[in-house]
A.B. asks: 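Please find one structure pasted underneath; my questions will follow.
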2 protein chains.
Amino acid sequence: MRVDVGSSLSMSRLEGASVIVETVASALEPPFQRPRGNRRGHGRTTLADVARHAGVSPITASRALNKPLLVAPETRARVERAVAELRYIPNIIAGSLASSSPSAVAAILPSLDNSIFTDVLKGAVGALERSGYRLVLGNSHFDPAVEATLVETFLAHGVGAIMLTGARHAPQTQSLLTNARIPVVQTWSLPRRPLGACVGFSNFAASYAMAHHLIERGYRDIAFVSAAVARNDRAAARRRGYAKALADHGLVNDPSTTLESPFGLAAGAAALERILSVRPSTDAIFFANDVLASGAVLAALRLGLRVPGDVAIAGFDDIELAGHLMPPLTTVRIDRIGLGKAAAELMLEALAGTPFKGRRVDIGFEVIARATT
Amino acid sequence: MRVDVGSSLSMSRLEGASVIVETVASALEPPFQRPRGNRRGHGRTTLADVARHAGVSPITASRALNKPLLVAPETRARVERAVAELRYIPNIIAGSLASSSPSAVAAILPSLDNSIFTDVLKGAVGALERSGYRLVLGNSHFDPAVEATLVETFLAHGVGAIMLTGARHAPQTQSLLTNARIPVVQTWSLPRRPLGACVGFSNFAASYAMAHHLIERGYRDIAFVSAAVARNDRAAARRRGYAKALADHGLVNDPSTTLESPFGLAAGAAALERILSVRPSTDAIFFANDVLASGAVLAALRLGLRVPGDVAIAGFDDIELAGHLMPPLTTVRIDRIGLGKAAAELMLEALAGTPFKGRRVDIGFEVIARATT
DNA sequence: ACGGTAGATGTTAGCGCTAGCACACTTTCC
DNA sequence: GGAAAGTGTGCTAGCGCTAACATCTACCGT
């Protein structure tokens with residue numbers, strides 16, 4: 001295994017000491033003995049310092065900060081004053097080691113380039129806001145091996161729950177997760193037998209619906225572009241939904257106009273040009289994500305192609321840009337913020353003890369017919 | 001102080017145990033005594049278990065994993081086998097408490113909605129990849145109070161260095177940072193007296209250059225739109241640069257066409273309409289970020305306005321969309337990935353002991369004249 | 001042969017914090 | 001009025017891991 005790159009996003013709650021501006025920490029160093037062999041030379045203020053300053057035991061100081069209701073108001077006030085005067089910053093590392101209770105949950109996203117994932121994040125952060133759990137985020141770059149390493153890292157850091165994207169994961173990921181016995185939420189799709197719970201929608205059905213919409217509009221010579229299906233089970237499901245719709249209506253599904261594409265506006269533009277050169281009779285292109293579709297719409301404008309006159313274009317996701325394009329893009333709307341929120345809430349419920357295993361939350365989808373079809 | 005929402009992105013290095021697929025952990029639980037009063041009922045495999053299984057002392061097992069060169073190859077192999085067989089996952093929390101050495105650095109960004117910040121992230125993650133430090137990311141939502149709380153949280157978590165966005169910070173942030181005595185890198189601007197080091201460019205000069213470009217092209221009735229300057233020192237500096245350029249060329253700087261705007265394509269569109277209604281004679285609009293400018297270009301297309309015929313539009317940042325618009329957007333290019341990389345490298349150097357304080361790295365800017373002006 | 005040095009492993013003592021219990025010292029109740 | 005049930009605080013003993021030192025073995029040169 002090699003170096004792994006991940007990323008984490010955390011949300012946290014921290015009681016802040018009001019800050020006294022003068023520097024007092026060293027002046028107030030207690031004159032008492034330090035245990036010999038004390039290794040910390042850096043002298044960061046500890047809870048013991050605070051306790052001494054407040055004239056209470058360390059455990060009382062700890063309680064005053066973490067379980068204020070168990071401490072007499074007057075004692076608590078003394079501790080709080082000591083905290084402020086010493087500019088005490090708790091050592092959360094030590095705290096969570098001692099209590100061995102998770103203080104964070106993790107989410108692993110395949111990318112941060114696409115705003116669809118940051119929207120999910122937004123929803124999750126919102127739901128976690130008042131929970132007391134931080135959210136740590138990993139970026140798997142659509143690589144199952146990186147995902148597995150991230151899972152391992154997060155387990156090593158003691159997260160209480162993990163949110164994954166998609167239904168397909170490395171065997172190692174699954175065994176790590178099973179072994180760790182922590183709640184897992186899969187997002188963006190609805191596996192029949194989720195690892196823990198899942199929140200998503202039927203990518204197959206959504207894609208089928210969009211393909212159906214195109215066929216209904218009268219398009220007959222349709223092309224399809226998605227991300228590489230090998231690394232992306234959502235893209236794979238969308239391609240299946242598209243293929244099924246074509247088959248159900250007796251249309252040919254030409255493999256030469258069923259493309260896999262990298263990500264980005266430029267890639268969408270390239271796919272458009274490629275398809276029109278491979279098969280000029282194409283009358284509609286269904287892109288399995290809006291960034292590609294937007295790239296194509298913008299390219300059409302540059303090339304002087306009329307949309308949908310010369311070629312219709314449909315997308316998937318309903319990103320902000322979709323509605324601002326000229327013409328505005330037909331797409332499939334997914335409530336990404338709701339998805340993130342639901343996933344986070346499932347994790348919180350699981351951490352609170354609610355039965356969780358096997359729950360499947362369908363957030364649905366909506367075909368938004370705008371002007372590119 | 002209140003609940004704080006942040007976010008973190010981490011990059012990490014973790015030696016992975018090769019995984020044996022059958023579940024062996026419980027079967028291999030050592031038959032030996034457990035110290036009485038052991039509080040952990042969950043039975044996660046510890047390093048002590050591994051050591052026992054390998055027939056060595058815990059410290060040797062620790063060394064075999066963390067300082068392999070200090071351990072005889074044969075012993076190391078035994079430990080590694082034990083790790084694999086027991087599916088041992090190290091407890092990083094405990095490790096970093098014991099060693100009290102930082103294992104992460106933090107970056108605080110004002111937003112994840114704008115791809116310019118995720119680009120910086122990309123650069124930073126790249127530089128940190130092989131360093132052994134994780135990167136933790138906080139999202140301040142352009143709020144200095146949230147930033148202060150994030151700083152506090154990160155200090156509580158023991159990060160070794162912090163990267164901030166912009167030059168302006170709450171007094172509390174500054175005092176926390178001074179007190180913590182850890183390296184701080186400020187990004188996106190070049191304060192004369194940085195808290196630690198800084199990496200950025202002159203927002204004033206870049207903005208001046210773009211305004212100069214517009215004036216040079218013959219535009220005389222120029223408007224300016226930026227984010228709210230009160231919460232964004234970069235926007236403030238850009239507005240000053242714009243104003244200076246106008247003044248230097250004897251042009252009027254009409255306050256009624258100097259706008260502050262929320263973020264997003266829709267906001268850019270609204271700003272365009274607002275300016276053209278307030279002052280129909282406006283011949284150019286300089287947007288201090290590309291998302292607003294792009295929203296305006298797209299809106300112009302919808303409204304049937306010719307760009308630059310009816311109104312010229314300039315942006316700032318050079319996001320991907322800028323080059324794909326029709327017409328492609330004139331903007332200021334910033335090497336954001338390079339910025340993130342340089343900032344991360346500064347942190348690493350500081351952690352390695354290189355003198356650091358006061359270093360100012362100018363990454364420059366480049367006016368990209370495309371077709372909207 | 002000897003101390004000397006390097007290499008490999010173990011012993012001890014915490015890192016800073018918090019469960020779990022123990023211990024006053026109330027307050028409440030029949 | 002005495003047991004029962006709080007309330008507030010402190011002590012002890014770790015959480016799982018690792019720094020620092022101590023050992024304990026080769027192996028070295030002179």
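Computed over heavy atoms, backbone and side chain alike; hydrogens, waters and symmetry mates excluded. By convention in this document, chain letters (A, B, ...) are assigned in the order of the sequence lines, proteins followed by strands, and residues within each chain are numbered from 1.
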A.B. asks: How many Å lie between CD on B:E74 and P on C:dA8, as a whole number?
C.D. replies: 12 Å
A.B. asks: Closest-nucleotide mapping onto DNA chain C: is B:L97 or B:L70 further toward the 5' terminus? I mean the 5' end.
C.D. replies: B:L70
A.B. asks: Give the rounded distance in Å between these two atoms: NZ of B:K67 and P of D:dA20.
C.D. replies: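 My rounded result for the distance is 8 Å.
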A.B. asks: When you measure from the side chain of B:N66, which nucleotide among D:dT18, D:dG8, C:dT18 comes out closest?
C.D. replies: D:dT18
A.B. asks: What heavy-atom pair brings B:R76 and B:A64 nearest, and what distance separates the two atoms?
C.D. replies: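 Heavy-atom minimum between the residues: CG-O, 4.0 Å.
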A.B. asks: Can you tell which of C:dT18, C:dT9, C:dC17 lies closest to the side chain of A:S62?
C.D. replies: C:dT18
A.B. asks: Under 4.0 Å, counting only non-hydrogen atoms across every strand here, what does A:S96 touch: a base, just sugar-phosphate, or nothing?
C.D. replies: nothing
A.B. asks: Give the intermediate values and the outcome of side chain to side chain donor-acceptor pair (under 3.5 Å) for residues A:R134 and B:H157.
C.D. replies: CA-CA 12 Å; A:R134 283 170 307 123; B:H157 279 273; 3.3 Å; yes
A.B. asks: For a quick test of reading the model: is some side-chain N or O of A:S99 closer than 4.0 Å to OP1 or OP2 of C:dT18?
C.D. replies: no
A.B. asks: What's the closest nucleotide to the side chain of A:V71 if the choices are C:dT18, D:dT18, D:dT9?
C.D. replies: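 The closest nucleotide is D:dT9.
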A.B. asks: Taking atom P of D:dC17 as reference, at what distance in whole Å does atom NE2 of A:H157 sit?
C.D. replies: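 In whole Å, D:dC17 P lies 13 Å from A:H157 NE2.
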A.B. asks: Among C:dA8, C:dG10, C:dT18, which nucleotide sits nearest the side chain of B:T60?
C.D. replies: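 Nearest to the side-chain atoms of B:T60, counting from C-beta on, is C:dG10.
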A.B. asks: Quick check: closest heavy atoms across A:I93 and B:S96, and the distance to 0.1 Å?
C.D. replies: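 Closest pair (atom of A:I93, atom of B:S96, distance): CG2-OG, 3.8 Å.
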A.B. asks: May I have the distance from A:L86 (atom CG) to C:dG16 (atom C1'), rounded to whole angstrom?
C.D. replies: 15 Å
A.B. asks: What is the distance, rounded to the nearest whole Å, between atom CG of B:L69 and atom C1' of C:dA8?
C.D. replies: 13 Å
A.B. asks: With a 3.5 Å cut-off and no angle check, do the side chains of A:E147 and A:H141 form a donor-acceptor pair?
C.D. replies: no
A.B. asks: Calculate the interatomic distance between A:N91 atom CG and C:dT18 atom C1'; express it in whole Å.
C.D. replies: 12 Å
A.B. asks: Considering only D:dA20, D:dG16, C:dC17, which nucleotide approaches the side chain of B:R63 most closely?
C.D. replies: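 So the nucleotide nearest the side chain must be D:dA20.
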A.B. asks: Is it the case that the side chains of B:R87 and B:T45 hold a donor-acceptor pair, with the cut-off being a distance below 3.5 Å and no angle test?
C.D. replies: no
A.B. asks: B:A72 has a side chain; which of C:dA8, C:dC17, D:dT18 sits nearest to it?
C.D. replies: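 My answer, after comparing the listed nucleotides, is C:dA8.
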A.B. asks: Strictly below 4.0 Å: does B:T75 bring a side-chain N or O up to OP1 or OP2 of C:dT9?
C.D. replies: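 The answer is yes; a side-chain N or O of B:T75 sits under 4.0 Å from OP1 or OP2.
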A.B. asks: Between atom CG in B:L65 and atom P in D:dG16, what is the gap in whole Å?
C.D. replies: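 It works out to 16 Å between those atoms.
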A.B. asks: Report the distance from atom CD1 of B:I59 to atom P of D:dG16, rounded to the nearest whole Å.
C.D. replies: 16 Å
